[in-house]
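Have a look at the structure below before the remarks.
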Amino acid sequence: MTTVSEVLNNLKKEGYTVDFNLQDNCLVCHGNALQLSPDEFQVDKHYRFEGPSDPGDAAVVYAISSAKHDVKGTLVNGYGISSEAMGADMVKALRENPAFSASHDESPAPALKSNDATPQRPAGTRPLDAPLLVLDLPQALAQIKQEPAWHSSDRNALTLFKSDGLRLVLMALHAGAELKTHTAPGTISVQVLEGHISFWTEQQTAELTPGQMLTLHPGIPHSVVARQETVFLLTLAPAAARQ
């Protein structure tokens, strides 16, 4: 299964028929007004998809069941710059699967997260999180411009690091490419490594070239235009993780 729709169709055949929507501290099914609090459901499995050209394309599909309400369904949630802000209890509920949790008398080793190979990036697994992770920016710069997405669209993106409290995404834009007005669910920083971008908010405009960076508070609408071929490092600290 290589697409979100394929996963949803297969999960529906397995009985996950309810379409859940995410709110700060509950899951909602608008069809029958059902609401599930974090302690009323469990995540049976999940599938993560990394968009080939934009962090906004990325998504996680959750297969969710509730013994209390005798219901099974799916939740599709974006991550990266477009992910939903969630309450701490909901973040924990979606992250932890009781079937795989360590017992109370065990001391589990730090989790090691990785990004599996996809049709867009068939090279194999690469780490996204570890107790200590060394990132090779020159290698990432070379990779992002070698991938098919860079040659077939006006941009490409590569997630370098992802944890509950921090995400690093390398973004490459062809001259003239635009990230249309959007908001981020946390504080961000933008550091230009190559090229030149214009960064707009309703109150300010910033012109960034190599060696310059900016920071922006959560929820402020902004847009980006590449004045020439540009690569920048996007850092996101999700608001829920900072509470």
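Values below: every heavy atom of this structure, side chains too, minus hydrogens, waters and symmetry copies.
In plain terms, the two heavy atoms of Pro210 and Gly195 that are nearest each other are CD-O, 3.0 Å. Between Asp164 and Pro238, the shortest heavy-atom distance links the atoms O-CG, 3.8 Å. Shown here for Met171 and Ala157, the closest heavy-atom pair between the two residues is SD-CB, 3.5 Å.
Taken from CD1 in Ile188 to CG in Leu216, the straight-line distance is 5.0 Å, to the nearest 0.5 Å. Leu170 CG to Gln191 CD: the interatomic distance, rounded to the nearest 0.5 Å, is 10.5 Å. Interatomic distance, Thr187 OG1 to Leu166 CG, rounded to the nearest 0.5 Å: 11.0 Å. The CG atom of Asp19 sits 9.5 Å away from the NZ atom of Lys12 when rounded to the nearest 0.5 Å. The CG atom of Leu233 lies 6.5 Å from the OG atom of Ser189; values are rounded to the nearest 0.5 Å.
With Glu40 contributing its side chain and Ser37 its backbone, the two residues share a donor-acceptor pair below 3.5 Å. Remark: the backbone N or O of Glu178 is paired with a side-chain donor or acceptor of Arg155 at under 3.5 angstrom. A donor-acceptor pair is defined here as one N or O able to donate and one able to accept, closer than 3.5 Å; such a pair exists between the side chain of Lys72 and the backbone of Glu14. No donor-acceptor pair closer than 3.5 Å links the side chain of His69 to the backbone N or O of Ala67. Remark: the backbone N or O of Phe161 is not paired with any side-chain donor or acceptor of Thr159 at under 3.5 angstrom. Between the side chain of Asn156 and the main chain of Ala172, no donor-acceptor pair closer than 3.5 Å is present. A distance-only check finds no donor-acceptor pair linking the side chain of Thr230 to the backbone of Ala226 [under 3.5 Å].
Cluster partners of Val225 are Trp200, counting Ile, Leu, Val, Met, Phe, Trp and Tyr whose side-chain heavy atoms approach within less than 4.5 Å, directly or via other members.
Residues satisfying the side-chain contact (heavy atoms from CB on, under 4.5 Å) test with Pro221, not counting sequence neighbours, are Thr181, Thr183. Every residue was checked against the side-chain contact (heavy atoms from CB on, under 4.5 Å) condition with Lys13, not counting sequence neighbours, and none meets it. Applying the side-chain contact (heavy atoms from CB on, under 4.5 Å) rule to Lys145 yields the partners Trp150, Glu194, Glu229, Val231; only residues at least two apart in sequence or on another chain are considered. Partners of Thr74 according to the side-chain contact (heavy atoms from CB on, under 4.5 Å) rule, which considers only residues two or more places apart in sequence or in another chain, are Leu8, Leu11, Tyr16.
In this structure, Leu34 and Val71 have side chains that are in contact, with non-hydrogen atoms separated by less than 4.5 Å. Residues Asp154 and Leu173 form no side-chain contact, since every pair of their non-hydrogen atoms from C-beta on lies 4.5 Å or further apart. Counting heavy atoms from C-beta on, the side chains of Asn21 and Leu27 never come closer than 4.5 Å. For the pair Leu36 and Phe20, the minimum side-chain heavy-atom distance is below 4.5 Å. Looking only at side-chain heavy atoms (C-beta outward), Leu208 and Phe232 stay at 4.5 Å or farther from each other.
Cluster membership check: Met213 does not share its hydrophobic cluster with Phe199, using side-chain heavy-atom separations under 4.5 Å among Ile, Leu, Val, Met, Phe, Trp and Tyr.
A tilted orientation is assigned to the rings of Tyr62 and His46, their planes being inclined by 30° to 60°.
Listed by first and then second residue, the side chain to side chain donor-acceptor pair (under 3.5 Å) pairs that reach into residues 206-218 are His196-Glu207, Ser198-Glu207, Thr209-Gln212, sequence neighbours excluded.
Heavy atoms of other residues, nucleotides or ligands lying less than 6.0 angstrom from CG of Asp70 number 12 at most.
Between the side chains of Glu147 and Gln143, at least one donor N or O lies within less than 3.5 Å of an accepting N or O.
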Does Arg167 form a side-chain contact (heavy atoms from CB on, under 4.5 Å) with Leu234? I'd like the steps, not just the answer.
CA-CA 8 Å; Arg167 300 166 199 176; Leu234 171 69; over 6 Å; no
